[in-house]
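Quick notes on the structure that follows.
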Number of protein chains: 2
Amino acid sequence: MKRKLQINLAAQSMFNDRGYSATSMRDLAKVVGIEPASLYNHYSSKEHILNAICFDMAEQFFEALNDLPKIESPSEELENSIRSHIDVITKNIDASRVFFLEWKHLNEPSLSEFKQMRKSYEAKFVSIIKRGIKLNEFHHIDPKVAVFTLLSSLNAIYDLYKPGRKFKTEVIADNICHILLSGISKIKNK
Amino acid sequence: MKRKLQINLAAQSMFNDRGYSATSMRDLAKVVGIEPASLYNHYSSKEHILNAICFDMAEQFFEALNDLPKIESPSEELENSIRSHIDVITKNIDASRVFFLEWKHLNEPSLSEFKQMRKSYEAKFVSIIKRGIKLNEFHHIDPKVAVFTLLSSLNAIYDLYKPGRKFKTEVIADNICHILLSGISKIKNK
DNA sequence: TTAATGCACTAACGTTCGTTAGTAAAAATA
DNA sequence: TATTTTTACTAACGAACGTTAGTGCATTAA
């Protein structure tokens, strides 16, 4: 089972660097240190590797969110959710990038299943924001726009965290939380 | 010259939908309605098409930023810059996606040149934020983290704007500006 | 009107792709 | 110890890839 993990990790890194389509099974095999045909003893196809990476990450995002304590204040609940999300990303920096960008190379029926999972994950955030607006804790923004803004901005983590690793995880998390929750400017906007 | 534009536009859409590597010259030719070999009467290679798309977009982003009036208040300058950026994206929804995601398939020396341009574009935002912090208009956030958060969140526009086209450009722009500048929460965070 | 250019075509090249078949050695199981 | 399973290998398959060569027609320039 060590080989399978090895292949998975190498694929994470390579799918992320070059993209799924630009990564060949021959390249992957070379990095792992085996012959291309040997990969098929562990995964039945290239797409199954992508499948494993994407759905593993989906599971992790969901679990992290579900493990959070129930909290009344939407503000705090949102912060917890954002931090949980950031936590999963920073602990799976390559895989989460694949999850975000390469999922479109999945085939049916996995593709539909994946889209469905993403949708319900986003829905959890949307409902927090809706509640926050109702309770007058949040500004009157469009919940969907807010969630998309929020989730995509978290992709920034990759650029900040991976290349030079100049930033500490907590610093990034604190800053992003602050920007999204309190904004950049102190001055009343609009 | 009409054919060349036609090819360029089809490539924008296809590179965006399937990714650069997963788009074949044969597929592209089929969409344009000509034979694969005929593409080479207009572009000397597949990569030259990607080149054209990426550098055209870079130019547009730069021009839009440079055309902005000089303004003292960093808050206003930042808002103008964000809106200019959003404007360029919404007017080139496919191309800007290619610009953001597929540039890594460029080869040297274009790749280095491209990275350099992105860097100096980001630097413009960083300097606005630094100035805002110095003038006490902005919170004490890390300028680089702020810029990356900001720019990546603008990718959200694609997901919101393209698929169903349910949102109006201005609504999206207003909401994103608001979130980034004033934050989501009204309650003091941290 | 003639020459030059632009743009499409057919045909094919060498390469790389994901994957399979068949085999042998090593590891796990009985 | 005997047997089954796992995992690696070599070799090769057909398909798809980016691209080139060579040709002819249509438009433009002289």
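Numbered from 1 within each chain, the chains take letters A, B, ... in sequence-line order.
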Partners of [X] by side chain to side chain donor-acceptor pair (under 3.5 Å), sequence neighbours excluded?
X	value
K91(B)	D87(B)
S120(B)	none
R97(B)	none
E72(B)	none

Which residue pairs pass the side chain to side chain donor-acceptor pair (under 3.5 Å) test when at least one of the two sits in residues 59-68 of chain A, sequence neighbours left out?
-> Q60(A)-N92(A), N66(A)-K124(A)

For residues 143-153 of chain A, the side chain to side chain donor-acceptor pair (under 3.5 Å) pairs (sequence neighbours left out) are none

Is there a side-chain polar atom (N or O) of S24(B) under 4.0 Å from OP1 or OP2 of dC17(D)?
-> yes

Quick one: is dA8(D) close enough that its OP1 or OP2 comes under 4.0 Å of any side-chain N or O from R3(A)?
-> yes

Hey, can you pull the donor-acceptor pairs under 3.5 Å for the side chains in residues 14-21 of chain B, sequence neighbours left out?
residue : atom : partner : partner atom : Å
N16(B)  : ND2  : D94(B)  : OD1          : 2.7
N16(B)  : ND2  : Y158(B) : OH           : 3.2
R18(B)  : NH1  : D27(B)  : OD2          : 3.1
Y20(B)  : OH   : E47(B)  : N            : 3.2
S21(B)  : OG   : H105(B) : NE2          : 3.4

Tell me: OH of Y20(A) to C1' of dC17(C), nearest whole Å?
-> 12 Å

Is R118(A) salt-bridged to D159(B), going by a charged N under 4.0 Å from an acidic O?
-> no

In residues 102-111 of chain B, which ones come under 4.0 Å of DNA chain D, going by heavy atoms?
-> none

If each end axis of the helix from dT1(C)-dA30(D) to dA30(C)-dT1(D) is fitted on five C1' pair positions, the angle between them, to 10 degrees, is 20°

Please find out if less than 6.0 Å separates the ring center of F62(B) from that of F55(B).
-> no

What N/O pairs connect the protein and nucleotides 27-29 of chain C at under 3.5 Å? Give each pair on its own line.
none

Give, ordered by number, those residues of residues 25-43 of chain A having at least one heavy-atom distance below 4.0 Å to an atom of DNA chain C; if nothing qualifies, reply none.
-> M25(A), R26(A), A37(A), Y40(A)

Quick one: ring-ring contact (aromatic ring centres under 6.0 Å, His included) partners of F125(B), sequence neighbours excluded?
-> Y121(B)

